[in-house]
Amino acid sequence: MAALAGAPDSALRDLEEALGMGLTADGDMGDAVAAEGAYYLEQVTITEASEDDYDYEEIPDDNFSIPEGEEDLAKAIQIVQEQATDTQILEQKTILPSRHAVPEVIEDFLCNFLIKMGMTRTLDCFQSECKAREDLLKTQKERDFHRMHHKRIVQEKNKLINDLKGLKLHYASYEPTIRVLHEKHHALLKEKMLTSLERDRAVGQISGLQATLKNIDIGHNFHIPEIKVGHSIEKENMPEGPTQKGLRKAREQNKCKTKMKDNAKDSEFPINIQPNPNLNLCKENLPPAKFDYKLSNIFRLHELPVSCIIIHPCKDILVSCSEDRLWKVVGLPKGNVLLTGFGHTDWLSDCSLHPSDNKLATCSGDTTVKLWDLLKGNCLLTFEGHSHAVWSCTWHSCGDFVASASLDTTSKIWDVNSERCRYTLYGHTDSVNSIEFFPFSNTLLTGSADKTLSLWDARTGRCEHSLYGHMHSINDATFTPTGHMIASCDACGVIKLWDFRKLLPIVSIDVGPSAGNEVNFDSSGRVLAQASGNGVIHLLDLKSGQIHKLMGHESEAHTVVFSQDGRSLFSGGSDGTIRMWS
């Protein structure tokens, strides 16, 4: 009996040592045996049954294939390196502590034993370790999957980067060709217009000859009609046939509102123009450039955004235009309204002061240009001819001509004395947003949404030169007071300075990404101000290249202009206010 009792005790002791735990006292073992009865260890052989009778052998996958059509050494080396990297990633597994694999049957046996022995804490630890091992294996598999996925993403990213670089180089190689094609396109357009004029001249000659032959056949007295080319066609360079010519003339005769006069009263462009007085300014007598402007006053004049501000050269007054269809004459420095102009049926976009300072030209979204008497505020003349909104207008230095730029991709030169359109300027392929006469000359500057600046001869209505460089729509362009330089700004805030004498770009300055709405020089030509879409007024020092910012607008700034002495600066915003900086 003692032998029987000793055998179970030794068997239980061996089992506990195998589980990593032992009893602390023989008394505890005796109590357990007395409570549960004697245990006997039987030798059991457990075999893992296979689902089928086949033996499987693992074969390593060491072979690789090269895609057809790419059999080159570099590609083969790349594939071998990628497979080696994949193998290395798969081999980087977490090394677990050495532990013998425990079959599920043994795990169940151990769990049952621990339950019978009432060893709940040990059972919980055992089950937690089994679950942790399963979670670890699952995490390792997920890690390996994400490693492979990350490697593929990196490869695709590198390939896309290389493709993008190649496309940029390919695109850059086409830019010179595109520039040459643009120049050829403009040249062909001019040739086409000239050919159209020759065709119309030939048609007129044929019509005259036919009439002559008809009179000869009838036997009546006849006289050979004088053959001449239509006045407006020759100057507008427009491909217009005889039918269109007749329709246009009939349309112009029916426009009673514009009070067309006889062509004999057409104004003549001045030939001997007086020199620009700003060229005689002595640099030594100029005051130092000012950049430390502070917001000194806010004039709340309009209910809708302010689109334009101009300063009277001799009096302390300014004129403002707004999208509320009104223009106002404002006294400075108090900002009291002296005169209000009514008449336009849509928003005002721009205004320009007559060289004698007693007349005002305004343009509007109602497609008209109006001339006003600044003393009385009444409308003197209305020019109609554009088919879309007019964005900008400017006076010639002689005071007999007004030029306008429109959304209909054309610009027009209006004769104030004969009250008619003298020339229509064709060439831009998109909206013409800005127009300005070169100081004391017959040269016009236009800026367009087709990203180009164009210089025109106002006497012939022909484009003399185009400037390329902007990558976005040009919103405004202007000359320096001395006239030797051009400044322009576009819809992404890029300012460009151009040498007017050489017709070449000087510098490009990016103050974006907000749009540049208007640029203006001070009277000395040393400071350039830009009104931005984010409400900031940028001041560019042309001597040092430094940029100063004026923060004060709560919304978009549409226009900016300096006073004649340069001590003050005025800006208009989309909130209908004009802000005075001094």
Side-chain angles (χ1 to χ4, degrees), residues 189 193 232-233 235-240 244 247-252 254-255 257-258 260 304-308 321-327 343-352 360-372 379 381-395 401-415 419-437 444-454 456 458 461 463 466 470 472-477 488-491 515 517-518 558-559 574:
L189 281 178
M193 293 177 184
S232 61
I233 297 176
K235 293 186 177 180
E236 292 181 9
N237 288 339
M238 179 179 178
E240 192 176 40
Q244 289 81 2
L247 290 175
R248 179 180 52 76
K249 286 187 176 181
R251 204 179 297 119
E252 289 178 356
N254 292 332
K255 289 181 179 178
K257 293 183 180 180
T258 55
M260 293 296 181
L304 294 178
V306 178
S307 54
C308 178
C321 294
S322 171
E323 294 183 11
D324 59 6
R325 309 177 184 180
L326 304 176
W327 58 268
H344 282 287
T345 59
D346 210 336
W347 42 266
L348 296 182
S349 54
D350 194 17
C351 60
S352 179
L360 181 73
T362 60
C363 54
S364 167
D366 60 10
T367 72
T368 66
V369 178
K370 290 182 180 291
L371 306 185
W372 308 82
C379 180
L381 190 61
T382 299
F383 292 122
E384 298 178 354
H386 284 291
S387 59
H388 290 85
V390 184
W391 290 122
S392 181
C393 60
T394 181
W395 283 94
F401 301 94
V402 176
S404 60
S406 172
L407 179 63
D408 60 11
T409 73
T410 68
S411 302
K412 291 182 180 292
I413 300 176
W414 308 90
D415 192 328
E419 302 179 5
R420 72 185 190 94
C421 176
R422 289 286 296 274
Y423 307 105
T424 299
L425 312 181
Y426 296 93
H428 286 294
T429 59
D430 207 336
S431 171
V432 186
N433 298 330
S434 171
I435 190 167
E436 183 174 330
F437 272 105
L444 262 176
L445 170 68
T446 58
S448 171
D450 62 9
K451 310 172 188 176
T452 65
L453 296 170
S454 293
W456 309 78
C463 179
S466 292
H470 278 282
H472 305 278
S473 171
I474 298 176
N475 289 339
D476 190 36
S488 58
C489 62
D490 64 22
N517 294 323
E518 186 176 280
H558 286 171
T559 179
S574 60

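Everything quoted here is computed from the prediction, not taken from an experiment.
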Query raised in the report: Does the Ser349 side chain pair with the main chain of Trp391, one donor and one acceptor, at a distance under 3.5 Å?
Result: yes
Requested in this report: State, without any angle test, whether Ser434 and Asp476 hold a side-chain donor-acceptor pair at a distance under 3.5 Å.
Outcome: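 Yes, because at least one side-chain N or O of Ser434 sits under 3.5 Å from a partner of the opposite role on Asp476.
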Query raised in the report: When you check the side-chain N and O atoms of His470 and Ser488, is any donor under 3.5 Å from an acceptor?
Result: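 A donor-acceptor contact under 3.5 Å links the two side chains.
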Report task. Keeping the roles fixed (side chain from Ser406, backbone from Ala389), state whether a donor-acceptor pair exists under 3.5 Å. Result -> yes
Query raised in the report: Do Arg420 and Asp415 pass the salt bridge (Lys or Arg N to Asp or Glu O under 4.0 Å) test, and can you show the C-alpha distance, the side-chain angles, and the key distance before you say yes or no?
Result: CA-CA 6 Å; Arg420 72 185 190 94; Asp415 192 328; 6.0 Å; no
Query raised in the report: If you measure only the distance, is there a donor-acceptor pair under 3.5 Å linking the side chains of Asp346 and Ser364?
Result: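 No, no side-chain donor-acceptor contact under 3.5 Å.
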Query raised in the report: Is the Trp414 ring parallel, tilted or perpendicular to the His386 ring (thresholds 30°, 60°)?
Result: perpendicular
**Report entry** Thr424 backbone acceptor or donor facing Thr410 side chain under 3.5 Å
**Finding:**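 Here the side-chain-to-backbone pair does not exist.
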Query raised in the report: Would you find a donor on one side and an acceptor on the other, under 3.5 Å apart, between the side chain of Asn433 and the backbone of Gly447?
Result: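 Here the side-chain-to-backbone pair does not exist.
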Query raised in the report: Passes side-chain contact (heavy atoms from CB on, under 4.5 Å), Asp490 versus Ser473? Steps please.
Result: CA-CA 5 Å; Asp490 64 22; Ser473 171; 5.9 Å; no
Query raised in the report: Do any N or O atoms from the side chain of Ser307 and from the backbone of Leu348 form a donor-acceptor pair under 3.5 angstrom?
Result: yes
Report summary line: In terms of heavy-atom contacts, Leu371 and Val402 come closest through CD2-CG2, 4.0 Å
**Report entry** Any donor-acceptor N/O pair, Thr409 side chain to Thr429 backbone, under 3.5 Å
**Finding:**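 Not at all, since once roles are kept as given, no pair shorter than 3.5 Å links the two residues.
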Query raised in the report: Trp347 and Trp327: aromatic ring centres closer than 6.0 Å?
Result: no
Requested in this report: Any chance you could lay out the side chain to side chain donor-acceptor pair (under 3.5 Å) test for Thr367 and His388, step after step, and finish with the verdict?
Outcome: CA-CA 5 Å; Thr367 72; His388 290 85; over 6 Å; no
Query raised in the report: Which pair of heavy atoms, one from Ala403 and one from Phe437, lies closest together, and at what distance?
Result: CB-CE1, 3.8 Å
Query - Side chains of Lys370 and Thr382, donor plus acceptor under 3.5 Å - result: yes
Query raised in the report: Will you find, in the side chains of Thr559 and Glu518, an N or O donor that is under 3.5 Å from an N or O acceptor?
Result: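 Per modelled atom types, Thr559 and Glu518 side chains form a pair under 3.5 Å.
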